[in-house]
Trainee: 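I'd like to ask some things about the structure below.
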Amino acid sequence: MESAEFASILEAVRAFVDKEVVPAEDEIEETDEIPERIRTAAARMGLFGYALPEEHGGLGLTMSEEVQLAMVIGRTTPSFRSMFGTNNGIAGQVLVNFGTRQQQEKYLPGLAAGELIASFALTEPDAGSDPSRLRTKAVKDGDDYLISGQKRFITNAPEADVFMVFARTGDVSEGTKGISVFAVESALDGVSVGPADAKMGQRGAHTAEVFFDQVRVPADALIGGVEGEGFAAAMRSLAKGRLHIAALCVGLADRLIEESVAHATTQTQGGSTIASFQLVQGMLADCHTEAYAGRAMVVEAARTYDDGSDMRLAPSAAKLFCTEMVDRVADRAVQIHGGLGYMQEVKVSRFYRDARLFRLYEGTSEVQRTIIAKQMIRGARR
């Protein structure tokens with residue numbers, strides 16, 4: 001994409017977020033829904049397919065372009081991004097990177113247009129950060145597969161039209177090597193979705209349990225047409241998703257800082273604005289410095305992702321730092337707002353609750369530390 005074309009897209013999204021989404025944050029919080037007018041406008045702008053190939057109707061953004069977009073989208077309620085995040089990210093990328101031509105042609109145009117919603121069904125009650133314990137099974141039955149199992153915390157499950165379902169086609173002793181991934185449409189017999197989870201934050205973004213009871217899918221539902229590719233597909237999608245999440249956190253940190261500066265320069269104590277107090281200044285300075293560091297890290301990690309020199313360690317490092325960073329910024333923002341910051345209707349109170357999830361999904365902070373250390377050790381041994 002030409003730089004001028006991308007700059008135009010970025011500016012249009014920034015204006016849309018500031019003029020339409022930010023003013024709707026109270027409505028989204030109260031209703032636990034994204035208004036249809038916002039969904040329709042987002043689809044019209046191409047946001048349901050920004051990371052999907054142009055040949056299938058997407059915008060085909062590079063990782064460097066995607067993180068810039070994510071930092072703009074991250075400035076508002078995270079549920080806005082979640083609405084189209086799985087289409088572009090962890091679910092859509094399974095099809096982009098591992099799907100057959102026929103599978104891509106069947107699903108990607110609908111995903112890019114916002115006509116279909118895809119979900120990434122990996123997590124289970126006993127298999128979260130460690131997919132090797134996955135229990136959902138896909139058993140060959142003639143030319144079909146029968147899929148049975150349970151998934152948990154699946155983003156966009158209540159709205160999903162198709163699930164990227166990770167299931168064991170091999171013996172449990174094979175660990176991650178026996179995992180495959182299937183495109184399973186939500187309308188199939190045996191697929192059921194539980195009620196939306198009651199979460200701490202991120203209202204407007206829905207997760208739920210998904211159950212598969214002897215769901216019959218044809219052999220061409222096997223992504224890539226090859227068994228045993230599921231773990232590789234999951235890890236590649238997650239690595240890209242981690243860098244995207246890191247960029248979102250930078251955007252949310254920027255918003256928290258703006259809210260904090262605005263409050264500190266208008267709230268008075270003892271006849272002076274609290275911005276004149278050095279301890280408040282110290283918190284503001286720490287917030288700015290950490291967000292600045294996070295932005296630089298994300299930009300560099302995106303560059304090495306695009307050139308292929310680092311598609312694993314840098315995304316994990318960026319995700320670890322930025323998700324921890326935005327939690328610290330959110331905590332300081334509440335502190336700067338004082339008692340007001342503890343009130344539910346105040347923006348920083350909501351963002352404080354919203355931000356906490358970033359350290360958990362796409363792999364917890366502890367998992368990122370493990371990935372980073374293993375990559376370092378592997379590099380030293382080479």
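All of these numbers come straight from a predicted model, not from anything done at the bench.
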Trainee: Any side chain to side chain donor-acceptor pair (under 3.5 Å) involving residues 272-292? Give me the pairs, sequence neighbours left out, ordered by first then second residue.
Mentor: Glu290-Arg328, Glu290-Arg332
Trainee: What is the minimum heavy-atom distance between Thr31 and Arg203, and which atoms define it?
Mentor: C-NH2, 4.3 Å
Trainee: Would you say the side chain of Glu55 lies within less than 4.5 Å of the side chain of Gln104, judging by non-hydrogen atoms?
Mentor: no
Trainee: CG of Leu59 to CG of Leu52: how many Å apart, nearest 0.5 Å?
Mentor: 8.5 Å
Trainee: Do you reckon Leu146 sits in the same ILVMFWY cluster as Met164, going by side-chain contacts under 4.5 Å, direct or chained?
Mentor: no
Trainee: Transitively linked via ILVMFWY side-chain contacts under 4.5 Å: Ile223 with Leu188?
Mentor: no
Trainee: For Cys287 and Ile257, which heavy atoms make the closest approach, and how far apart are they?
Mentor: O-CD1, 3.5 Å
Trainee: Any side-chain to backbone donor/acceptor pair from Asp306 onto Met63? Under 3.5 Å, distance only.
Mentor: yes
Trainee: Measuring from Ile154:CD1 to His206:NE2, what's the distance to the nearest 0.5 Å?
Mentor: 15.5 Å
Trainee: Could you check whether Thr136 and Glu124, counting side-chain N and O atoms only, form a donor-acceptor pair closer than 3.5 Å?
Mentor: yes
Trainee: Between Arg216 and Asp141, does the salt bridge (Lys or Arg N to Asp or Glu O under 4.0 Å) criterion hold? Intermediate values first, please.
Mentor: CA-CA 9 Å; Arg216 183 175 293 276; Asp141 184 50; 2.7 Å; yes
Trainee: Okay, side chain of Ser349, backbone of Glu345: is any donor-acceptor separation there less than 3.5 Å?
Mentor: no
Trainee: Restricting to non-hydrogen atoms, name the atom on Pro23 and the atom on Val17 that form the minimum distance, rounded to 0.1 Å.
Mentor: CD-O, 4.3 Å
Trainee: Is any side-chain heavy atom of Asn88 less than 4.5 Å from a side-chain heavy atom of Gln93?
Mentor: no
Trainee: What verdict does the salt bridge (Lys or Arg N to Asp or Glu O under 4.0 Å) test give for Asp254 and Arg75, after you've listed the backbone C-alpha separation in whole Å, the side-chain angles of each residue and the deciding distance to 0.1 Å?
Mentor: CA-CA 7 Å; Asp254 285 346; Arg75 288 175 41 77; 5.8 Å; no
Trainee: Hey, could you give me the CD1/OG1 distance between Ile147 and Thr169, rounded to the nearest 0.5 Å?
Mentor: 10.0 Å
Trainee: Membership question, hydrophobic clusters at under 4.5 Å side-chain separation (ILVMFWY): are Leu116 and Met45 in the same one?
Mentor: no
Trainee: Starting from the C-alpha separation in whole Å, work towards a yes-or-no answer on salt bridge (Lys or Arg N to Asp or Glu O under 4.0 Å) for Arg350 and Asp354.
Mentor: CA-CA 6 Å; Arg350 297 181 194 170; Asp354 292 340; over 6 Å; no
Trainee: Taking salt bridge (Lys or Arg N to Asp or Glu O under 4.0 Å) as the definition, give me every residue that meets it alongside Glu25, ordered by chain and number, with sequence neighbours left out.
Mentor: Arg255, Lys347
Trainee: Say whether Ser119 and Asn156, considering side chains only, have a donor N or O and an acceptor N or O under 3.5 Å apart.
Mentor: no
Trainee: For Gly201, is there any backbone N or O sitting under 3.5 Å from a side-chain donor or acceptor partner on Arg353?
Mentor: no
Trainee: Is a side-chain N or O of Ser82 found less than 3.5 angstrom from the main chain of Gly85, in a donor-acceptor match?
Mentor: no
Trainee: Can you tell me if Asn87 uses its side chain to pair, donor with acceptor, with the backbone of Leu111 under 3.5 Å?
Mentor: yes
Trainee: So, the side chain of Arg168 versus the backbone of Leu134: is there a donor-acceptor pair under 3.5 Å, distance only?
Mentor: yes
Trainee: With a 4.5 Å limit on heavy-atom distance, are the side chains of Val165 and Phe212 in contact?
Mentor: yes
Trainee: Any donor-acceptor pair under 3.5 Å linking the side chain of Ser237 with the backbone of Ala233?
Mentor: yes
Trainee: What distance do Phe16 atom CZ and Ile73 atom CD1 have between them, rounded to the nearest 0.5 Å?
Mentor: 10.0 Å
Trainee: Hydrophobic clusters join Ile, Leu, Val, Met, Phe, Trp and Tyr when side-chain heavy atoms are under 4.5 Å apart, directly or via other members; which others share one with Leu320?
Mentor: Leu313, Ile372, Met376
Trainee: Looking only at the aromatic ring of each residue, does the gap between the centers of Phe120 and Phe166 stay below 6.0 angstrom?
Mentor: yes
Trainee: Ignoring hydrogens and angles, tell me if any N or O in the side chain of Asp331 forms a donor-acceptor pair with the backbone of Asp327 under 3.5 Å.
Mentor: no
Trainee: Checking Lys106 against Glu185 for the salt bridge (Lys or Arg N to Asp or Glu O under 4.0 Å) test, could you report, in this order, the C-alpha distance in whole Å, the side-chain angles of both residues, the deciding distance, and whether it holds?
Mentor: CA-CA 12 Å; Lys106 181 177 182 179; Glu185 296 179 11; 3.4 Å; yes
Trainee: For the backbone of Phe321 and the side chain of Glu324, can you confirm whether one donor and one acceptor N or O come within less than 3.5 Å of each other?
Mentor: no
Trainee: Classify the ring geometry between Tyr50 and Phe84 as parallel (under 30°), tilted (30 to 60°) or perpendicular (over 60°).
Mentor: perpendicular
Trainee: If you take all heavy atoms of Tyr305 and Pro315, which pair is closest and at what distance?
Mentor: CD1-CG, 4.1 Å
Trainee: Taking the side chain as every heavy atom from C-beta outward, state whether Leu360 and Arg356 have any atom pair closer than 4.5 Å.
Mentor: yes
Trainee: Are the side chains of Glu362 and His244 in contact, using a 4.5 Å heavy-atom criterion?
Mentor: no
Trainee: I'd like to know if the side chain of Thr62 pairs up with that of Ser64 as donor and acceptor (distance under 3.5 Å, no hydrogens or angles considered).
Mentor: no
Trainee: Using only heavy-atom distances, determine whether the side chains of Tyr145 and Glu227 contain a donor-acceptor pair under 3.5 Å.
Mentor: yes
Trainee: Any idea which heavy atoms bring Cys322 and Ala246 closest together, and the distance?
Mentor: CB-O, 3.6 Å
Trainee: Would a single hydrophobic cluster contain both Leu248 and Ile38, if residues Ile, Leu, Val, Met, Phe, Trp and Tyr are joined by side-chain heavy-atom contacts under 4.5 Å?
Mentor: yes
Trainee: Donor-acceptor pair, Thr100 side chain versus Gln103 backbone, under 3.5 Å?
Mentor: yes
Trainee: Are Leu357 and Val367 joined in one hydrophobic group, where the rule is that I, L, V, M, F, W and Y side chains link up if heavy atoms are under 4.5 Å apart?
Mentor: no
Trainee: If we count only N and O atoms by modelled type, under 3.5 Å, do the side chains of Thr40 and Glu36 hold a donor and an acceptor together?
Mentor: yes
